[in-house]
Amino acid sequence: MSYFNLVKSLTSAFPNMYSISRFHHMTPAVCCCSKTRSGEEYTDPFNLGWRDLKGLYEDIRKELFISTTELKEMCEYYFDGKGKAFRPIIVVLMARACNIHHNNSRNVQASQRAIALIAEMIHTASLVHDDVIDDASSRRGKHTVNKIWGEKKAVLAGDLILSAASIALARIGNTTVVSILTQVIEDLVRGEFLQLGSKENENERFAHYLEKTFKKTASLIANSCKAVSVLGCPDPVVHEIAYQYGKNVGLAFQLIDDVLDFTSCSDRMGKPTSADLKLGLATGPVLFACQQFPEMNAMIMRRFSSPGDVDRARQYVLQSDGVQQTTYLAQRYCREAVREISKLRPSPEREALIQLSEIVLARDK
């Protein structure tokens, strides 16, 4: 059975549960859980995580100690405190959850907190570079670095942020952790190359898309979670739990991002919608829609480059169940993340990580 047919058969077994209207009006009863497993009231994961992240952006700016005014402005441009800080939040929550599981320690080590900063720096450097590759003009509701300062300087700014992250990583002094996080940088590059290519075979195309999604988005979350688990607990089983949770949440996060490119508006997203189609990219909703509208195959292979391709492809997606199928796949990944993290000892942080999987599915920007 092909991957597409497997997902469709699973979806048909629950015809009402995963309709797009229910997704956009999600209630606690539909999410992974409405209360924590211990029966406690809902705790906002972001409020819980920020206890260990006070001064996050100030500390990142200290790592970017630069004397040149223009370069300093460029490198600090996205560290303005207006981002979601999704990755640092996951990292510190995972650190606490693993520490509690190991020896009931409720403190986040300085080295674990440093991983949260490093993860955000690597992520931001990748955004700066992505915007150059994509010739993007807006991100987070404002002009991109490349549009303000030019492509050449933007590339150098991204490089500098990445080098500062590498120095901070080396300062931790753990060779295993250095190896884990340098894998992320390799994955980012390989993921970008995967995005530049395409596959003619439909099943290969979807596997290609998921591999690209892992390398460009999920690898950073998975390996950052693994890194803090290594620093806090010697058990390889716990390291794998942390990695699998991060991998599955990271994949779900990007799948929902791909859905929002079709269902949200530019003002909500802080960047243009249908951006992926305009870049010639076939994401989950497009690949699923292609099952119902085979004529999309030719558009995918020419990367939506002919006049009218982008508009036609968008209409095909919205007329198909591509958005619903992609949403359902994200839900499957989140359920797997919850299954993994539930193997750890109960704690407020473990429950917050479970709640975070709900937030990933329910977000609208």
Side-chain angles (χ1 to χ4, degrees), residues 74-75 77-80 82-84 86-87 120-162 184-199 205 208-221 250-251 253-287 299-311 313-314 317 326 365:
M74 292 167 62
C75 291
Y77 186 66
Y78 288 133
F79 299 118
D80 56 4
K82 295 180 181 179
K84 294 183 285 286
F86 177 72
R87 290 153 190 83
E120 186 70 356
M121 292 167 75
I122 293 174
H123 171 59
T124 302
S126 73
L127 296 184
V128 174
H129 285 156
D130 278 358
D131 287 343
V132 172
I133 293 169
D134 299 341
D135 192 28
S137 59
S138 64
R139 181 178 291 280
R140 296 178 181 174
K142 59 184 184 179
H143 292 304
T144 54
V145 171
N146 49 292
K147 283 301 174 187
I148 297 174
W149 288 282
E151 290 185 358
K152 292 180 180 179
K153 290 182 179 179
V155 170
L156 296 174
D159 289 347
L160 191 59
I161 295 169
L162 198 55
V184 172
I185 298 172
E186 178 183 333
D187 284 345
L188 284 168
V189 175
R190 290 185 181 276
E192 197 62 52
F193 270 94
L194 284 170
Q195 184 163 287
L196 294 172
S198 59
K199 297 285 185 180
R205 193 184 288 158
H208 183 93
Y209 162 67
L210 289 177
E211 184 183 3
K212 180 269 296 182
T213 299
F214 169 75
K215 290 185 182 301
K216 286 201 64 177
T217 302
S219 174
L220 175 58
I221 299 173
L251 287 167
F253 184 94
Q254 186 57 49
L255 287 169
I256 295 301
D257 211 58
D258 294 342
V259 164
L260 291 174
D261 199 42
F262 289 94
T263 62
S264 189
C265 64
S266 298
D267 289 341
R268 292 292 295 169
M269 293 290 284
K271 58 185 178 181
T273 51
S274 298
D276 292 327
L277 288 175
K278 293 169 187 173
L279 291 170
L281 305 178
T283 57
V286 172
L287 297 177
M299 287 189 274
I300 290 172
M301 291 311 300
R302 62 177 177 258
R303 300 180 76 88
F304 312 104
S305 59
S306 294
D309 275 359
V310 169
D311 289 337
R314 179 179 175 82
V317 168
T326 308
K365 65 177 179 177

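- Residues satisfying the side chain to side chain donor-acceptor pair (under 3.5 Å) test with Asp311, not counting sequence neighbours, are none.
- Every ring pair (Phe, Tyr, Trp, His ring centres under 6.0 Å) that Tyr209 has, sequence neighbours left out, goes to Phe206.
- Annotation: ring pair (Phe, Tyr, Trp, His ring centres under 6.0 Å) contacts of Tyr77 (sequence neighbours excluded): Trp149.
- Between Thr326 and Pro285 the shortest heavy-atom distance is OG1-N, 3.1 Å.
- A search for salt bridge (Lys or Arg N to Asp or Glu O under 4.0 Å) contacts involving Glu151 returns nothing, not counting sequence neighbours.
- Residues satisfying the salt bridge (Lys or Arg N to Asp or Glu O under 4.0 Å) test with Asp309, not counting sequence neighbours, are Arg302, Arg312.
- In this structure, Lys215 NZ and Glu192 CD are separated by 13.0 Å, a value rounded to the nearest 0.5 Å.
- The salt bridge (charged side-chain N to carboxylate O under 4.0 Å, His left out) with Arg139 is formed by just one residue from the set Asp130, Asp80, Asp131; it is Asp131.
- The structure places CG of Asp258 at 9.0 Å from CG of Leu281, a figure rounded to the nearest 0.5 Å.
- In this structure, the separation between CG on Asp257 and OG1 on Thr283 is 9.5 Å, given to the nearest 0.5 Å.
- In this structure, NZ on Lys216 lies 7.5 Å from OG on Ser126, to the nearest 0.5 angstrom.
- Annotation: ring pair (Phe, Tyr, Trp, His ring centres under 6.0 Å) contacts of Phe253 (sequence neighbours excluded): Phe86.
- At distances below 3.5 Å, not a single donor-acceptor pair connects side-chain atoms of Thr124 with backbone N or O atoms of Met121.
- With sequence neighbours excluded, the residues satisfying side chain to side chain donor-acceptor pair (under 3.5 Å) with His129 are Asp159.
- Other residues, nucleotides and ligands contribute at most 12 non-hydrogen atoms within 6.0 Å of the NE2 atom of His143.
- The side chain to side chain donor-acceptor pair (under 3.5 Å) test applied to Ser219 returns Asp187, Asn223, not counting sequence neighbours.
- Arg303 is linked by a salt bridge (Lys or Arg N to Asp or Glu O under 4.0 Å) to nothing, counting only residues two or more places apart in sequence or in another chain.
- The salt bridge (Lys or Arg N to Asp or Glu O under 4.0 Å) check on Asp135 picks up Lys147, with sequence neighbours excluded.
- Going from atom CD1 of Ile148 over to atom NZ of Lys142 covers 7.5 Å, rounded to the nearest 0.5 Å.
- Residues forming a ring pair (Phe, Tyr, Trp, His ring centres under 6.0 Å) with Phe214 (at least two apart in sequence, or on another chain): none.
- In this structure, Arg140 contributes its side chain and Tyr78 its backbone to a donor-acceptor pair below 3.5 Å.
- Contacts of Asn146 classified as side chain to side chain donor-acceptor pair (under 3.5 Å), with partners at least two apart in sequence or in another chain: Thr144.
- Annotation: the span from Leu162 atom CG to Ile185 atom CD1 amounts to 4.5 Å, rounded to 0.5 Å.
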